[in-house]
Participant: 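I am attaching a structure below and will ask some questions about it afterwards.
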Amino acid sequence: MALHVVIMAAGKGTRMKSNRPKVLHRLGGRPLLQHVLDTAAALRAAQTLVITGHGADEVEAFVADRGVRCVRQMPQLGTGHAIQQVVPHLPDGEGTVLILNGDVPLIREATAAALASACADKALALLTVELADPSGYGRIVRGPDDGVMGIVEHKDATPEQRAIREIYTGIMAAPLPALKRWVMALTNDNAQREYYLTDIVAMAVAEGVPVLAQGVADDTEVLGVNSPLQLAELERRLQRRLAEAQMEAGVRLADPARFDVRGTLSCGEDVEIDVGCVFEGTVRVGSGVSIGAHCMIRDAEIGDGAVIHPFTHVEGARIGAGALVGPYARLRPGAELGPEVHIGNFVEVKNSTLGPGAKANHLAYLGDATVGARVNFGAGSITANYDGANKHRTVIEDDVHVGSNCVLVAPVTIGVGATIAGGSTIARPAPAGQLTVARARQLSVPTWKRPQKAKKA
Ligand code: UD1
Ligand code: CA
């Protein structure tokens, strides 16, 4: 069976009230269309065609290099007219055409594959669902023997037909040669003056081609996005799916309703995640990790047994096993924390490596620094890595103790086991093992008197 996937994505999406084409709005961090393209790719179709129209330039730029072909539909005269545009791009001979929608992102691969199998180059297979409120949708009209007779669009339906709750989801699989023939025979003789793809159902029935209605149990799979509200509702449903998958794998989420993944999150055993955390990009979490409330974690690797305290921001960082980070810490790209490192509140780390057991527990900045094992970096101390034009490195060797409120002016090296006195500004190398003090000597003035307020005359 040669499978051809057609993704309809020419519609305007007026209700989004956005300049961005609807199918490029993001769900779970990825454009709606990307979700559908991923499903199509999983089906290993012979080819995938995307029908573009509104915002075609942007949509086509997005799909470029994704191994699919775009076909423009200008103007947009209905779903049947859309499929007419792809006819010249479909080969001769047998095959199955699976029609998906760019704005129906959560169709499961298994559901789409089952629909294509139901068609099997011969039958017209429709994906349907029963809705409590079917208004707006095309209704599945069945005959006396319960067989599908056709689809009637809401605007063309009689009051009796409008009472039908079984609707067409917009997803179907059709035999290739018959589909071509049917769509070329469509007319726009209806309430909307559109070429309705759904009119091919009656044509199939008239030709004696079997028409199958395949129901879908989980309506999340067939919900479309037409408005910001629907996008947000679908986002919650997607996040619920992702949360359940994490919990099935053993992750303990404090609340599956307050959990967001916009990318891929993989977790080891015994991971606990408190409420309000957002994971973006690719995040790998080791075993026994605990992540506190309201952390934002993007493109990161977190080692076994690490604890991320609440309100911590991590991006492009690697956190070693047993490390403690936060609360209110910020790890920026290139932060590499060794095992058992402690990064405390209001500490920012950027493009710096910290050796095993190094600590910066309060109010500090480490940028472009190489920090050795067991270093203690005092409260309020910073690496001055930027001279106004270029960035320079600070090297702090093993077992260094940097007191509070120090400025290490890069490029500079602090030797093994050195101690830097609090309040020092260090602009030259500090020798290993010694105490280096770089601040004004303390002075007391015994004769000093506080100024008095001048007496009024
Ligand atoms: C269509 C179906 C309806 C079904 C509903 C499910 C038809 C005539 N009706 O309704 O039975 O219940 O979907 O959501 O097919 N599109 C194009 N070009 C066009 C028109 C639409 O590419 O000229 C695309 C849209 O971008 C969208 C999809 O086709 O991805 C469906 O269009 P939409 O207008 O949302 O559906 P309806 O026609 O209202
Ligand atoms: Ca329409």
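Treat the numbers as computed from the prediction; the structure is a model and nothing was measured. Counting starts at 1 for both ligands and their atoms, in listed order.
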Participant: Would you mind running through ligand 1 and noting each atom that sits below 4.0 Å from a heavy atom of G138?
Facilitator: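 Ligand 1 atoms under the 4.0 Å threshold to G138: 3 (C), 4 (C), 11 (O), 12 (O).
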Participant: With a 4.5 Å heavy-atom cut-off, do V59 and D57 have their side chains touching?
Facilitator: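 When only atoms from C-beta onward are counted, D57 and V59 do not touch, as no gap falls below 4.5 Å.
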Participant: Applying a heavy-atom cut-off of 4.0 Å, say which part of L77 lies close to ligand 1: side chain, backbone, both or neither.
Facilitator: backbone
Participant: Using the side chain to side chain contact (heavy atoms under 4.5 Å, CB included) rule, pick out the option among T312, V349, N361 that qualifies with I343.
Facilitator: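 Among T312, V349, N361, the one meeting side chain to side chain contact (heavy atoms under 4.5 Å, CB included) with I343 is V349.
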Participant: May I ask you to check if ligand 1 and G102 share an N or O to N or O distance below 3.5 Å?
Facilitator: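 Looking only at distances, the answer is no, because the N/O contact criterion of under 3.5 Å is not met.
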Participant: Check whether E221 reaches the backbone of R108 with its side chain - one donor and one acceptor, N or O, closer than 3.5 Å.
Facilitator: yes
Participant: Return the option from E153, Q85, E194 holding the heavy atom at the smallest distance from atom 10 (O) of ligand 1.
Facilitator: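 Looking at heavy atoms only, E153 sits closest to atom 10 (O) of ligand 1.
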Participant: Short N/O distance, under 3.5 Å, between N101 and ligand 1?
Facilitator: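 Yes; at least one N/O pair falls below 3.5 Å.
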Participant: Under 3.5 Å between some N or O of ligand 1 and some N or O of M8?
Facilitator: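 Yes, at least one N or O pair falls under 3.5 Å.
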Participant: Find out whether P134 and R139 are in side-chain contact, i.e. whether some heavy atom of one side chain is under 4.5 Å from a heavy atom of the other.
Facilitator: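 With C-beta onward as the side chain, the pair touches.
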Participant: Are any of the side-chain heavy atoms of T48 and R69 separated by less than 4.5 Å?
Facilitator: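 They are not in side-chain contact.
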Participant: When only distance counts, is Q73 in polar contact with ligand 1, meaning an N/O pair under 3.5 Å?
Facilitator: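 There is such a contact, yes.
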Participant: Is G78 in contact with ligand 1, taking contact as a heavy-atom separation below 4.0 Å?
Facilitator: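 G78: in contact with ligand 1 (<4.0 Å).
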Participant: For the pair E315 and R298, evaluate salt bridge (Lys or Arg N to Asp or Glu O under 4.0 Å) and give the outcome as yes or no after the intermediate values.
Facilitator: CA-CA 5 Å; E315 179 179 3; R298 176 186 299 145; 3.3 Å; yes
Participant: Report yes or no: do T220 and D218 form a side-chain donor-acceptor pair below 3.5 Å?
Facilitator: yes
Participant: Can you confirm whether F259 sits close enough to L265 that some side-chain heavy atom of one is under 4.5 Å from a side-chain heavy atom of the other?
Facilitator: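 Heavy-atom side-chain distance check passes, below 4.5 Å.
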Participant: Does only the side chain of T169 get under 4.0 Å from ligand 1, or the backbone, or both, or neither? Count heavy atoms.
Facilitator: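 T169 to ligand 1: backbone contact only, side chain stays beyond 4.0 Å.
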Participant: For Y196, counting its heavy atoms only, list the atoms of ligand 1 lying under 4.0 Å from any of them.
Facilitator: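 The atoms of ligand 1 under 4.0 Å from a heavy atom of Y196 are 8 (C).
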Participant: Please report whether ligand 1 has a polar contact with A10, defined as an N or O pair separated by less than 3.5 Å (distance criterion only).
Facilitator: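 Yes; the residue has a nitrogen or oxygen that sits under 3.5 Å from a nitrogen or oxygen of the ligand.
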Participant: What part of K22, side chain, backbone, both or neither, has a heavy atom within less than 4.0 angstrom of ligand 1?
Facilitator: neither
Participant: Have D189 and T187 got a donor and an acceptor in their side chains that come within less than 3.5 Å?
Facilitator: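 Looking only at side-chain atoms, T187 and D189 do not form any donor-acceptor pair under 3.5 Å.
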Participant: For I167, is the nearest heavy atom under 4.0 Å from an atom of ligand 1?
Facilitator: no
Participant: Is any N or O atom of Y137, backbone or side chain, closer than 3.5 Å to an N or O atom of ligand 1?
Facilitator: no
Participant: Do any nitrogen or oxygen atoms of T79 lie less than 3.5 angstrom from nitrogen or oxygen atoms of ligand 1?
Facilitator: yes
Participant: Are L186 and Q84 close enough that some pair of their side-chain heavy atoms sits under 4.5 Å apart?
Facilitator: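 Answer yes - side chains close enough.
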Participant: Could you list which atoms of ligand 1 come closer than 4.0 Å to a heavy atom of T198?
Facilitator: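 In order of number, 7 (C), 8 (C), 9 (N), 11 (O), 15 (O).
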Participant: Given P75, G11, P21, G170, which one has a non-hydrogen atom that is nearest to atom 16 (N) of ligand 1?
Facilitator: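 Checking each option, the heavy atom nearest atom 16 (N) of ligand 1 is found in G11.
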